[in-house]
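Order of the sequence lines fixes the chain letters, A, B, ..., with proteins taken first and strands second; residue numbering starts at 1 for each chain. Small disclaimer: the values here were computed from a predicted structure and weren't measured. Only this structure's heavy atoms are used, side chains among them; waters, hydrogens and symmetry mates stay out.
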Amino acid sequence: MQEKEDLEVKEEKISLNFLERIIEDDLANGRVPDNTIVTRFPPEPNGYLHIGHIKSICINFGLADKYGGRCHLRLDDTNPEKEEQEYINAIKEDLKWLGFDWGTHEYYASDYYQNLYEIAVRLIEEGKAFVDSLSAEEMKEYRGTLTEPGKNSPYRERSIEENLRLFEEMRQGKHAEGTHILRAKIDMSSPNINMRDPALYRIKFAHHLRTGDKWCIYPMYDFTHPISDALEGITHSICTLEFEDHRPAYDWATSIDGIDHTPRQYEFARLNISYLIMSKRRLLQLVQMGIVTGWDDPRMPTISGIRRRGYSPESMKDFINRVGVAKVESVVDYSLMEFCVREDLNKRAERLMVILDPIKIIIDNYPEDKVEYFEAVDNPEDPNSATHQIPFGRELYIEREDFMEVPPKKYHRLYPGNEIRLKYAYYITADSVVKDDEGNITEVHCTYDPLSRGGTTPDKRKVKGTSHWVSATEGVSIEARLYDKLFLTENPGKATGNYLDDLNPDSLVVVPDAKAEPEILNAKVGDYLQFIRNGYFCLDNKENQDGKLIFNRTVTLRDSWAKMKKKMGI
RNA sequence: UGGGAUGUAGUGUAACGGUAACACUGCAGAUUCUGGUUCUGCCUUUGGGGGUUCGAGCCCCUCCAUCCCAGCCA
């Protein structure tokens, strides 16, 4: 009991975001039916979910979880021309990957087509809706502008009987698309354009994923969404800022006679991240134009993209948590997201030695055919980490950048006469180099100190550099795909107006023949790996059917040496 | 020039009338068998102007700036 009180006191100290405050206030004042918070995540299945959606998902599922309520998944499928089953499948898979469970509460706006239709008929009967026969262009003229009120449609005063007959004919498919439309009678002079007799139903002779050809009239968002919320018993309908203007329409619809549940709409600022584009329309363009290989290309900010890239769901949820929830339009630094990914992966990734850009070193005083094994910890961040064996031999690969004939200041790695440690193995000193006809270094000859076995020496002498390495004879070849940002600028397209102008030509660099320690053959899809000093990687989840393994770089390690080089002008 | 919103370090978010803070970024240093990690320190903040109050980031007035809205999209 005491413990529980302490806990509550503690929780009170944690500041609430504005949505939590609203909910706690509603709960405290008995405004929530059954004291059960019901939220919903309502994606339209017209594209893949992206990082921006994660925020909405975390808010809706998170709030339901925190206050012991539930969150519905509702696919908002009211526009059959844009929606596809592939997207529905992807949305559900992405949600599961993030670890959210909607239980049996999987709904579709199309589940309510019959209800919606009946409500529309009732509105007509009550004189609150009418069939308009203005063309789209005429309707636009009648709508007025932002600063001028609109005018009533000449069809606004049609008789109830005529409206009923026309709407029924629309439903029966007797009228062509665009010839008639059902509109609410609200107020053409409203300063809020959404209240100027909004469209309720339009004619569309389109095959619907779920209702097939049953309907040729489809309800509009402003009509469908609030009523769907009401029918499902949603208490808090949380959406993004651009729907603020629609709240009066939302309240209008949920106040229609016969609707006995009143959800409330609240708006928060959508997530923007520098260097990323977060618009389904533009992401679709990238796919269609072939700029990326698909919605799940590891460079895409889609959930399936970042999953394939190797981001963990935990790191993304942590990121969303750190970003917070507010009503201010903002752009979060890309670096915060990378920080969250690295922080999580640092704790969980198995370390492996992989050489991306190999240069061969030969240890002249090491026996020719000898192979010995060294023990490596899988993850030094984990005190209980398992270990694995790494084969060592006379000929090894190290990174090309780990050897320099003429080193700059503060360079701590291999150069003639300098001693470094080969991680877990021996100290070596570079003696000489062999070059090809063009002057490229093909071999570095070294000497090792047998007393340094295991990486330390009896005399405790220090070396400033430690390099990772792979046996030239025992190592295996893999393909590494080095991904970087898709765009070069923080706000793609800001300078020229066309985001495609800011594409990063080096967003993917393929290393077809990287050298890896044999342990890598145990890697499975979904494993988080760190290639020591090269970054976090994961096995590609798509193109690994046979042959050479393909690894995607999730994110690089922080690189203070690169910063220093830049500063020194190297 | 209609309506709706929003302004706190470079970026995000707290502070709920009582000493403006946390994280990321950046910078400097220490530690390290990853130039990673970890640790330490530093930098910079209430859009402007009035008012109320003993006291204002918070309340009031005013100005300014930014974002959203004129789909038979959501």
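When distances run from any side-chain atom of A:Leu146 to the nucleotides B:G2, B:U37, B:U34, the shortest one goes to B:G2. Comparing B:C27, B:A15, B:A23 by their closest approach to the side chain of A:Arg322 singles out B:A23. Comparing B:G3, B:A74, B:G12 by their nearest atom to the side chain of A:Asp245 picks out B:G3. Checking B:U37, B:C73, B:G12 against every side-chain atom of A:Lys204, the shortest atom distance belongs to B:C73. Checking B:C68, B:U6, B:G2 against the side-chain heavy atoms of A:Lys327 singles out B:U6 as nearest. Side-chain proximity of A:Asn17 to B:U34, B:C69, B:A14: nearest is B:A14. Of the candidates B:G12, B:U34, B:A74, B:U34 carries the atom nearest the A:Gln530 side chain, counting heavy atoms from C-beta on. Considering only the side chain of A:Lys82, B:C73 comes nearest among B:G36, B:C73, B:G71. The side chain of A:Glu44 has B:C73 as its nearest neighbour among B:C73, B:U34, B:G10. Taking the side chain of A:Ser335 as heavy atoms from C-beta on, and the options B:C24, B:C72, B:U34, the nearest nucleotide is B:C24.
At the phosphate of B:G36, OP1 or OP2 sits under 4.0 Å from a side-chain N or O atom of A:Ser560. For A:Arg558 and B:U37, the shortest distance from a side-chain N or O to OP1 or OP2 is below 4.0 Å. Remark: A:Arg270 is not in phosphate contact with B:C67, judged by side-chain N or O atoms under 4.0 Å from OP1 or OP2. For A:Ser190 and B:G3, the shortest distance from a side-chain N or O to OP1 or OP2 is not below 4.0 Å. Side-chain nitrogen and oxygen atoms of A:Lys563 include none within less than 4.0 Å of the OP1 or OP2 phosphate oxygen of B:A28. An OP1 or OP2 oxygen of B:G71 is reached within less than 4.0 angstrom by no side-chain nitrogen or oxygen of A:Arg202. Regarding contacts with the backbone of B:U37, every side-chain N or O of A:Arg533 stays at 4.0 angstrom or more from both OP1 and OP2.
With hydrogens and angles ignored, no donor-acceptor pair closer than 3.5 Å exists between the side chain of A:Asp333 and the base of B:G12. One donor-acceptor pair, N or O on each side, does fall under 3.5 Å between the base of B:G36 and the side chain of A:Glu381.
Cation-pi geometry between A:Arg74 and A:Tyr108 is not met: the NZ or CZ atom fails to fall both under 6.0 Å from the ring centre and inside 45° of the normal.
B:G71 is unpaired under the Watson-Crick or G-U wobble criterion, no partner having all donor-acceptor distances under 3.5 Å. Nucleotide B:U6 forms a Watson-Crick or G-U wobble pair with B:A65, both donor-acceptor distances falling under 3.5 Å. Here B:A23 sits opposite B:U11 as a Watson-Crick or G-U wobble pair (both hydrogen-bonding atom distances under 3.5 Å). In this structure, B:C58 makes no Watson-Crick or G-U wobble pair, since no nucleotide meets both defining distances under 3.5 angstrom. When both distances must be under 3.5 Å, the Watson-Crick or G-U wobble mate of B:U38 is B:A30.
Using bins of under 30°, 30° to 60° and over 60° for the plane-to-plane angle, the ring pair A:Tyr426/A:Tyr448 lands in the perpendicular bin. Taking the six-membered ring for Trp and thresholds of 30 and 60 degrees, A:Phe392 and A:Phe374 have ring planes more than 60 degrees apart, a perpendicular arrangement. Between A:Tyr117 and A:Trp215, the ring planes lie tilted relative to each other; the angle falls in the 30° to 60° range.
Nucleotides B:C64 and B:A15 have their C1' atoms positioned 26 Å apart, rounded to a whole Å. The C1' atoms of B:G17 and B:G12 are separated by 26 Å, rounded to the nearest whole Å. Between B:U38 and B:U46, the two C1' atoms lie 34 Å apart (nearest whole Å). A gap of 35 Å separates the C1' atoms of B:A20 and B:G36, to the nearest Å.
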message: Applying side chain to side chain contact (heavy atoms under 4.5 Å, CB included) to A:Ile359 and A:Tyr397, what does each step give before you reach the verdict?
response: CA-CA 5 Å; A:Ile359 184 171; A:Tyr397 294 112; over 6 Å; no
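Using a cut-off of 4.0 Å between Lys/Arg side-chain N and Asp/Glu carboxylate O, A:Glu242 and A:Arg270 are scored as salt-bridged.
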